[in-house]
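Everything numeric here is computed off the predicted structure, so don't read it as measured data. To find a chain, count down the sequence lines: A is the first, B the second, and so on, and within it residues start at 1. Basis for what follows: all heavy atoms, side chains included, without hydrogens, waters or symmetry-related copies.
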There are 2 protein chains.
Amino acid sequence: MDAAHVLESLRDVGLRITGPRREVVEAICAREMPFSADEVYDELRAAGSSTGRATVFRTLDLLVGLRLLGRVHRPDGSHGYVLREPGHRHHLVCSTCGTVVEFQGCNVAALADELADRTQFRIEGHWLEFFGVCADCQSRDAAD
Amino acid sequence: MDAAHVLESLRDVGLRITGPRREVVEAICAREMPFSADEVYDELRAAGSSTGRATVFRTLDLLVGLRLLGRVHRPDGSHGYVLREPGHRHHLVCSTCGTVVEFQGCNVAALADELADRTQFRIEGHWLEFFGVCADCQSRDAAD
DNA sequence: CCGCTATTGATACTCGGTCTCAATAGTACA
DNA sequence: TGTACTATTGAGACCGAGTATCAATAGCGG
């Protein structure tokens, strides 16, 4: 994804475009795989940036709020961040290497309606995620 | 759920039935709502037990492993434990009061197959959870 | 009842994330 | 271009959840 575009989105909501935010956004736009906040922080520090750890967390929170970033849960309870294409997306996560594939088109709306009926909940969202082993890790496993 | 039955399941897998384990299991069987490990620990301590914090975590882990206990993710990333009826279940969580409703019959198998086809992942599991506001919290909100 | 070994409690520690607060730097406006 | 207002920042203390270590204890099979 394009860092400039992400920064635009920040400005659109009335947030300031600052040096540290730019650095964080550029760092995460360069990533494919899900990452942790500390990975981003360490990378920036290694590159000589003086951006603080709190700022990295704050910036990631902002992006999650803007739905530009999503959180991925792992079965073990840990989680990472991933860039999201706009729209309603879900993730398929490789439990071996962590690769994430996004997909659209979950057919859970009918289920949500039925649940709302039955439980009288006002349903406001859902979380759907698949776990498995990606093709690469499967062949790597087979090779061992 | 019945504490004795849970303890049986532990024995069935070759684990010992110890005093601390019995206490933890009894404490969680008495609960309806999702709870954290520390809530259980504090409750035991308040009741005069000498069970350690680590043991509470270890016992909960065992039960998660046996699928007698499930983890519930909240949208904010925090999570709690809930007792599970046996079988494949999912949760509907009230974001206001934390009440959890279990449900069965997610229709995601077709989606899983399609994803497996398209991505060449070997899909091994999924996580589906709905968030919303339960009937009680809705009327409480309306009253304010 | 004995002995083996799983389990335990205490404690120190890690990891991810938040809070506070004085210092700094975007931005709107003159 | 300068100024003032206020959002944002970095440092560092802190927090909650969970894990690792290790010597002491206690189930359980015989």
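- Atoms CG (Leu62(A)) and C1' (dT18(C)) sit 14 Å apart, rounded to a whole Å.
- Remark: aromatic rings of Phe130(B) and Phe103(B) are close, center separation under 6.0 Å.
- For Arg21(A) against dG26(C), no side-chain N or O and base N or O form a donor-acceptor pair under 3.5 Å.
- Listed nucleotides dG9(C), dA26(D), dC19(C) differ in distance to Arg16(B); the shortest reach to its side chain belongs to dA26(D).
- One finds no side-chain N or O of Tyr41(A) lying less than 4.0 angstrom from the OP1 or OP2 phosphate oxygen of dA11(D).
- Spacing between atom CZ of Arg22(A) and atom P of dA25(C) amounts to 14 Å, rounded to whole angstrom units.
- You'll find the side chain of Thr55(B) reaches within 4.5 Å of the side chain of Thr59(B), heavy atoms only.
- Phosphate contact (OP1/OP2 of dT9(D), side-chain N/O of Thr18(A), threshold under 4.0 Å): present.
- In this model, a side-chain donor or acceptor of Arg58(A) finds a partner on the base of dG10(D) within 3.5 Å.
- Out of dA11(D), dG9(C), dC28(D), the shortest distance to the side chain of Ile17(B) is found at dC28(D).
- As a whole-Å value, the separation of Glu23(A) CD from dA25(C) C1' is 14 Å.
- To the nearest angstrom, C1' of dA10(C) lies 16 Å from CG of Leu44(B).
- Atom CG of Asp42(B) is separated from atom C1' of dG18(D) by 15 Å (rounded to the nearest Å).
- Between dG9(C) and Thr51(B), a contact under 4.0 Å exists linking OP1 or OP2 to a side-chain N or O.
- Ring orientation note: the planes of Tyr81(A) and Phe35(A) are close to parallel, at an angle under 30° on the 30°/60° scale.
- Proximity of a side-chain donor or acceptor of Arg45(A) to a complementary backbone N or O of Ser50(A) within less than 3.5 Å is detected.
- The side chain of Ala37(B) lies closest to dG18(D), out of dG10(D), dC28(D), dG18(D).
- Each of Ala54(B) and Asp38(A) lies near DNA chain C, and the nucleotide nearest Ala54(B) is the one positioned closer to the 5' end.
- Backbone-only contact: Arg45(B) has heavy atoms under 4.0 Å from sugar-phosphate atoms and none from a base.
- On a pure distance criterion of 3.5 Å, a polar donor-acceptor pair joins the side chain of Arg53(A) and the base of dG17(C).
- Residue Tyr81(A) has a polar side-chain atom (N or O) positioned under 4.0 Å from OP1 or OP2 of dG17(C).
- With Arg21(A) contributing its side chain and Arg16(A) its backbone, the two residues share a donor-acceptor pair below 3.5 Å.
- No side-chain donor-acceptor contact under 3.5 Å links Arg11(A) to the backbone of Ile17(A).
- Regarding Asp61(B), its CG atom lies at a distance of 10 Å from the P atom of dA20(D), rounded to whole Å.
- Between the CG atom of Leu63(B) and the P atom of dT7(C) there is a distance of 13 Å, rounded to whole Å.
- Looking at heavy-atom distances under 4.0 Å, Ser36(A) makes no contact with the nucleic acid at all.
- One axis for each end of the helix from dC1(C)-dG30(D) to dA30(C)-dT1(D), each built from five base pairs, and the angle between them comes to 40° at 10° resolution.
- Taking atom CZ of residue Arg11(A) and atom C1' of nucleotide dA28(C), one finds them 13 Å apart after rounding to whole Å.
- A 4.5 Å side-chain heavy-atom check between His126(A) and His90(B) finds every atom pair outside the cut-off.
- By the 4.5 Å heavy-atom criterion applied to side chains, Leu111(A) and Leu128(B) are counted as neighbours.
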